[in-house]
Amino acid sequence: MTPENVQARPFDNTVRLSACPVCDANDIAPSVEKSGYCFSRCPHCDFLFVNPRPPQAWLNSLYASPVKEAEPTYNKAGSRLRRAYFKLPRFFPYAWRKDAVDVGCGGGFVAHALSLVAHSSTGIDISANAIAYARHRFSRPRFICANFAGLPNDIGEFDFVYSSEVIEHVSDVNQYMRALNKLTRDGGHVYITTPDLGHPKVPAQIEHWDVFQPPIHVQFFNRRTVTVLFERYGFRIVKFYKNRKPGLIFLAMKAYG
Ligand SMILES: [Zn+2]
């Protein structure tokens, strides 16, 4: 390794995982490498993850852009809002007159759409800039700037938890699951989207997949992986939605008690 590479990543000395963080199997194997990030793959649950793991604080810093002094803006705001409205019928059975939360809400488009049908709507995001935009643009939801480890104790529980394209970003998938578990009321539903490692449109050479971008995305799942992971935290997968694009979209319910 050249001296330039030594300082490229601040976490080379962090502990390399020897077991799968999803199913605890201890025969994970080295897999692909991209941009200097090495992935391990679990032969049992198919989890594919950067190993050694970047620290969460370092990943957080990728999203910690300073709040702009001028009015914050959001890329493609119009189409984001239209897509959020378009999704509402799918959420309706689980969110109507219920307490809803968007975990990783960005500019607040889905949290706003949910606020039109839910009893209450909350948006949580790590980016202060995104939360500033959301608060400026949408008055109905409550917006909270926090990370998974720093959720307010009094944040409450929710009947419908929406979290789109978040789980592939987090360093510790178990910390994310603990946060989901804490936020979801017994009998409540979670709606998750993430890239689908098992989709037929994923390139055979996975490093050519457009979303295969460490350190932005540090792990990948297929149906089996998320089934094992969510069952471990007391959720039952209710359904996987059909998707022509290589994205997993699924609904899970938290068991009672
Ligand atoms: Zn595993």
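Just so you know, ligand 1 is whichever comes first in the structure, and atom 1 is the first atom listed for that ligand. What you see is a predicted model, and the numbers here were worked out from it, not measured in a lab.
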J.: For residues F221 and F250, establish whether the separation of their ring centroids is below 6.0 Å.
T.: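 Judged by ring-centre distance (under 6.0 Å), F221 and F250 do not meet the cut-off.
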J.: Within a radius below 2.8 Å of the Zn ion (ligand 1), how many protein N, O or S atoms are present?
T.: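 Protein heteroatoms (N, O, S) closer than 2.8 Å to the Zn ion (ligand 1) number 4.
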J.: Aromatic rings H169 and H217: how do their planes relate, parallel, tilted or perpendicular, breaks at 30° and 60°?
T.: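 Plane angle over 60°, so perpendicular.
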J.: Just say parallel, tilted or perpendicular for the rings of Y133 and F109, cut-offs at 30° and 60°.
T.: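 If you compare the ring of Y133 with that of F109, the planes turn out tilted.
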J.: Using 30° and 60° as the class limits, which term best fits the ring planes of F148 and Y176: parallel, tilted or perpendicular?
T.: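 Answer is perpendicular, since the angle exceeds 60°.
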J.: Please report the C-alpha distance between S171 and R53 in whole Å, then the side-chain angles of each, then the deciding distance to 0.1 Å, and finally whether the side-chain hydrogen bond (donor to acceptor under 3.5 Å, both in side chains) criterion is met.
T.: CA-CA 6 Å; S171 174; R53 311 290 288 156; 4.5 Å; no
J.: Return the orientation label for the H112 and Y85 ring planes: parallel under 30°, perpendicular over 60°, tilted otherwise.
T.: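 Aromatic pair H112/Y85 classed perpendicular.
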